[in-house]
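What follows is one structure encoded as structure tokens, with my remarks underneath.
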Amino acid sequence: MDSLAAGGLRAELMTFPAGESSKCLSTLDAIYQAAGRCRLARDGLILALGGGVVSDVSGFAAATWMRGVRWAICPTTLEADVDACLGGKTAINHAAGKNMVGAFHQPELILVDPLCLRTLPMRDVRAGLAESVKHALIREAEFLDWHEANREAILALDGEVLAELVERNLQIKASVVEADERESGVRAILNFGHTAGHAFESWFEYELRHGEAVALGMVAAARISERLGRLGSAAVARIIAVLEGFGLPVAALRPFDLNAVLELTHGDKKVQSGRRRWVLLDGAGAASIHDDVEDELVREVLASLQPA
Ligand SMILES: NC(=O)c1ccc[n+]([C@@H]2O[C@H](COP(=O)([O-])OP(=O)(O)OC[C@H]3O[C@@H](n4cnc5c(N)ncnc54)[C@H](O)[C@@H]3O)[C@@H](O)[C@H]2O)c1
Ligand SMILES: [Zn+2]
């Protein structure tokens, strides 16, 4: 607030409680009320300072207030630095599902300061790294090598290494989003690990961070790719080793109901015309989208993720 004032900008601060449960209608309403109080108009701007929850809900407020005002993001979590801040997807959750109500609305500006991560709990840093590994796996094999080579510096939050990590992630995500902003095709590869990931996230409720659920989902998708002859077993073992190296789960920590989780993979809103979509790997750095993965195979692979 001080630096905005020093820059001659009039701003009103609006805060809300941390956590996924704040990505809801009542927070949206509170943002609208704050926007009304300070007479936010078309020449104004909403500045999101926080993690993916803050950018998703404030971005949706910006997309809808007065039919759309500008917004900017200063992400403060690794998840938001490498993924949530870019691409223009904004949303709130609804009883009908996660991210069920939202809009595409591109930010004017993204300003990442990796030093914000110094105060972020390590568990959230690790969770964000799952999306970074995802970007490497779907698009850039060499970036996977980079994660292996720089593992210790990444986990030590080395400023230069983090800056490179963020930059490379945003380049990869931008290249995919530029090719298909509204997700009519290739953008769906960004959902690698998210079909089973969202199912685990729902089943374990808020026990798992989003990135932790995505790590489990990536193991599932890699194993499905392997069973379909698209990915070698050495590549699967390597993916698991990279995730484990970042302290991410590669099997569920508690037993889960196999049928329920299988059912939840169907409930994914990424289903198109009744068939659920899986993003599979054809080697590190190469992803493709499939809607013909048999339930029986999914069931077997999910079963392999039960705790030992
Ligand atoms: N729009 C997109 O494209 C997109 C992409 C990925 C994820 N998301 C969304 O992002 C959300 C997850 O984001 P997240 O992982 O950032 O969660 P989050 O926003 O809930 O932040 C995690 C926790 O970290 C705290 N925090 C934030 N910055 C901190 C800092 N610098 N130091 C200490 N604590 C800090 C927060 O208060 C919160 O308790 C999900 O709702 C997901 O759907 C959106
Ligand atoms: Zn994600």
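We count ligands from 1, going down the list as the structure has it; atoms in each ligand are counted the same way.
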Please identify which atoms of ligand 1 are closer than 4.0 Å to at least one heavy atom of Lys98. 40 (C), 41 (O), 42 (C), 43 (O)
Evaluate whether atom CD of Gln306 has more than 12 neighbouring non-hydrogen atoms of other residues, nucleotides or ligands under 6.0 angstrom away. yes
With respect to atom 37 (O) of ligand 1, which of Ala84, Ala18, Cys85, Gly52 exhibits the smallest heavy-atom separation? Ala18
Counting only N and O atoms by type, is there a donor-acceptor contact under 3.5 Å from the side chain of Lys23 to the main-chain atoms of Asp56? no
May I have the angle between His210 NE2 and His194 NE2 with its vertex at the Zn ion (ligand 2), rounded to 10°? 100°
Partner of Pro75 by side chain to side chain contact (heavy atoms under 4.5 Å, CB included), out of Ser55, Pro114, Cys85, Cys116: Cys85
Polar contact flag for Asp56 and ligand 1 (N/O pairs, less than 3.5 Å): yes
From atom 12 (C) of ligand 1, work out which of Arg209, Glu131, Lys23, Glu79 has a heavy atom at the shortest distance. Glu79
Closest Glu131 atom to the Zn ion (ligand 2) [N, O or S only]: OE2
Nearest heavy atoms of Thr64 and Phe60, plus distance in Å: OG1-O, 2.6 Å
Could you state the interatomic distance from CG (Leu129) to CZ (Phe246), rounded to the nearest 0.5 Å? 5.0 Å
Shortest protein heavy-atom distance from atom 23 (C) of ligand 1, along with the residue and atom involved: Asp124 OD1, 4.3 Å
For atom 28 (N) of ligand 1, what is the nearest protein heavy atom, given as residue, atom name and distance? Thr76 OG1, 2.7 Å
Determine yes or no for a side-chain-to-main-chain donor-acceptor pair under 3.5 angstrom, with Asp180 supplying the side chain and Val186 the backbone. yes
What do you reckon, does Gly50 put a non-hydrogen atom under 4.0 Å from ligand 1? no
